[in-house]
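This report concerns only the one structure given below.
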There are 2 protein chains.
Amino acid sequence: MGRNREFDEEQALDAAMQLFWEKGYEATSLSDLTSRMGIQRPSIYSAFGGKKELFEAALRKYTMARASEIRTKLQNNPSVKQAFRTFFEDLVDEEYTEGFSRGCFSINTMVELAPHDEKFEILTREHQMYLSVIFQEAIERGMQSGELEQGTNAKALSQALLVSLIGLTVIMKSRPERSFVDNSVEVMLALLK
Amino acid sequence: MGRNREFDEEQALDAAMQLFWEKGYEATSLSDLTSRMGIQRPSIYSAFGGKKELFEAALRKYTMARASEIRTKLQNNPSVKQAFRTFFEDLVDEEYTEGFSRGCFSINTMVELAPHDEKFEILTREHQMYLSVIFQEAIERGMQSGELEQGTNAKALSQALLVSLIGLTVIMKSRPERSFVDNSVEVMLALLK
DNA sequence: GTAATACTTTACCGTTCGGTATGGTATTAC
DNA sequence: GTAATACCATACCGAACGGTAAAGTATTAC
């Protein structure tokens, strides 16, 4: 009995995710959230708990979506080298096309919250570890198909590529010349051989 | 005429730098600052202007000190390969030795402020560009001495190494297993040949 | 229809925020 | 010594913060 929730919880969470992604945790106020989510303050508390809990839910939603997106992109191409190239180049294209650089929600959180909050240290670490495994599996596929050298250290290489991806994502926030980023991508992709 | 300033401005700025470095801009309050700097609130305003201006002064102090520190480390070793290795390994050691990961003040600022404040976009970009030139000069020295291959693209390589350095610094905030970082460093250093 | 229930809305809570006006105090120039 | 000056410390400002109590409203079960 009783009334049913009027707003779409998933849709509201998505709006919160966009906002936290853009502005980070501290700089996002509850007023920002209510106006963007289209619901009132107590609705946030009844549906999600509080600001921190809402942030965590938003981050979880983001990391799950992002991981499966990356997995798909790397699997869609029969050539592993081409798959990584397209992935990196698309990433750069998107950041330079948009007027604004959101970067990666998980990376932003690693910088803002992970050093002071163990929950987010763990959450972001697990996401990065998961991505590095996705990278590793793609590289191992390339080794099995003969596209990549047999002697390749798939684990170390995937970890280095992930670290480079993070570095790329972060430095683009300072809007360096496009050639800077393009050069870096070329050097990284040359590791795949 | 009139009274002279009682506190050491440079020392107070240094305390502010440490605090902003640890906690970022938004999460650092004026109360935090006054207690750590050992001075009262109006003294901050008369000496530095305001919170944003104090932050900027602290960031400038940091980037200048950091750049010259890095330049020194890369010049101190006759072998460029060894210089980069020591530089990266020391960086990792320091982060894993301390219980707490401050990372790099400029990188933290790139993530927190650069996307929303052009002044810090420019400031952080210029610092990164400066570092990449330091890297490039080191690599070019290595090419002249014959330690590195003549065909090396010094510019692209230095940019890629800088991007990797940023990625390393950031991912360490999530405290991955040490082997993860060590592996990445090995792959990156292998680019120097 | 009725009573119970759970959501929405409004208004408000104490606290903390960045920033400043004010008054006391030490130092300077003369 | 004296007057002018500039720093220091306290107290305070309005605004915004995260969070919640209370009242109104729609929906449910019976």
Side-chain angles (χ1 to χ4, degrees), chain A residues 1-60 105 108-109 112-113 116-120, chain B residues 1-60 105 108-109 112-113 116-120:
Chain A
M1 57 190 78
R3 198 169 159 182
N4 285 333
R5 193 152 280 161
E6 277 180 3
F7 65 91
D8 180 336
E9 219 163 299
E10 212 52 41
Q11 190 175 316
L13 180 55
D14 202 85
M17 183 188 82
Q18 301 290 340
L19 204 44
F20 280 130
W21 187 356
E22 276 178 29
K23 305 182 47 167
Y25 179 76
E26 289 285 352
T28 302
S29 71
L30 282 177
S31 301
D32 293 335
L33 288 165
T34 52
S35 71
R36 183 95 140 236
M37 296 169 83
I39 62 180
Q40 303 301 322
R41 210 172 278 233
S43 298
I44 292 184
Y45 283 83
S46 71
F48 300 101
K51 193 188 175 188
K52 261 275 168 58
E53 289 76 15
L54 175 59
F55 184 90
E56 183 183 342
L59 180 59
R60 287 186 186 276
F105 190 8
N108 297 352
T109 303
E112 186 184 5
L113 300 183
H116 311 284
D117 190 325
E118 195 182 1
K119 167 167 278 170
F120 293 104
Chain B
M1 55 193 80
R3 200 168 155 185
N4 285 333
R5 193 152 278 161
E6 277 182 4
F7 64 93
D8 181 336
E9 220 164 297
E10 211 52 41
Q11 190 174 317
L13 180 56
D14 202 85
M17 182 187 82
Q18 302 289 339
L19 203 45
F20 280 131
W21 185 359
E22 275 178 30
K23 306 184 46 168
Y25 180 76
E26 288 286 350
T28 301
S29 72
L30 281 177
S31 301
D32 294 334
L33 288 166
T34 53
S35 72
R36 185 95 141 235
M37 297 169 80
I39 61 180
Q40 302 303 322
R41 212 172 277 233
S43 297
I44 292 184
Y45 283 83
S46 71
F48 301 102
K51 192 187 176 190
K52 261 273 167 61
E53 289 76 17
L54 175 59
F55 184 89
E56 184 185 341
L59 179 59
R60 287 185 187 276
F105 189 8
N108 297 352
T109 303
E112 185 184 6
L113 300 183
H116 310 285
D117 190 323
E118 197 183 358
K119 167 167 275 169
F120 293 104

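A note on names: the letters A, B, ... follow the listed sequences, proteins ahead of strands, and every chain is numbered from 1.
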Taking a pair to mean Watson-Crick or G-U wobble geometry with both distances below 3.5 Å, dG19(D) pairs with dC12(C)

Taking CD1 from Ile39(B) and P from dA9(D), how many angstroms apart are they, rounded to a whole number? 9 Å

Verify whether the ring centers belonging to Phe105(B) and Phe55(B) lie closer than 6.0 Å. yes

Under 4.0 Å between any heavy atoms, over every strand shown, what does Thr34(A) touch: base, sugar-phosphate, or nothing? Just pick one. nothing

Just so I know, are the side chains of Ser31(A) and Arg41(A) near enough to count as touching, which here means a heavy-atom distance under 4.5 Å? yes

Under 4.0 angstrom between Ser31(A) side-chain N/O and dA16(D) OP1 or OP2: no

Starting at CG of Leu30(B) and ending at P of dT20(C), how long is that distance when rounded to a whole Å? 11 Å

Rounded distance in Å - CG (Leu33(B)) to C1' (dT16(C)): 14 Å

OP1 or OP2 of dA16(D) sitting under 4.0 Å from any side-chain N/O of Ser29(A)? no

Phe55(B) CZ - dG19(C) P separation (whole Å): 14 Å

Counting only Watson-Crick or G-U wobble pairs whose two distances fall under 3.5 Å, which nucleotide matches dC30(D)? dG1(C)

Rounded to whole Å, the CD1-C1' distance (Ile44(B) to dC8(D)) equals 13 Å

What's the closest nucleotide to the Pro42(B) side chain, out of dA21(C), dG19(C), dG18(D)? dA21(C)

So do Asn108(A) and Leu113(A) actually touch side chain to side chain, heavy atoms under 4.5 Å? no

Over 12 foreign heavy atoms within 6.0 Å of NZ, Lys52(B): yes

Whole-Å gap separating P (dT22(C)) and OH (Tyr45(B)): 18 Å

Counting only heavy atoms not in Glu53(A), do more than 12 fall under 6.0 Å of its CD? yes

Separation of Lys51(A) atom NZ from dC17(D) atom P, in whole Å? 9 Å

Would one find a side-chain N or O of Gln40(B) under 4.0 angstrom from OP1 or OP2 of dC8(D)? no

How long is the line joining CZ of Phe48(A) and P of dG18(D), in whole Å? 16 Å

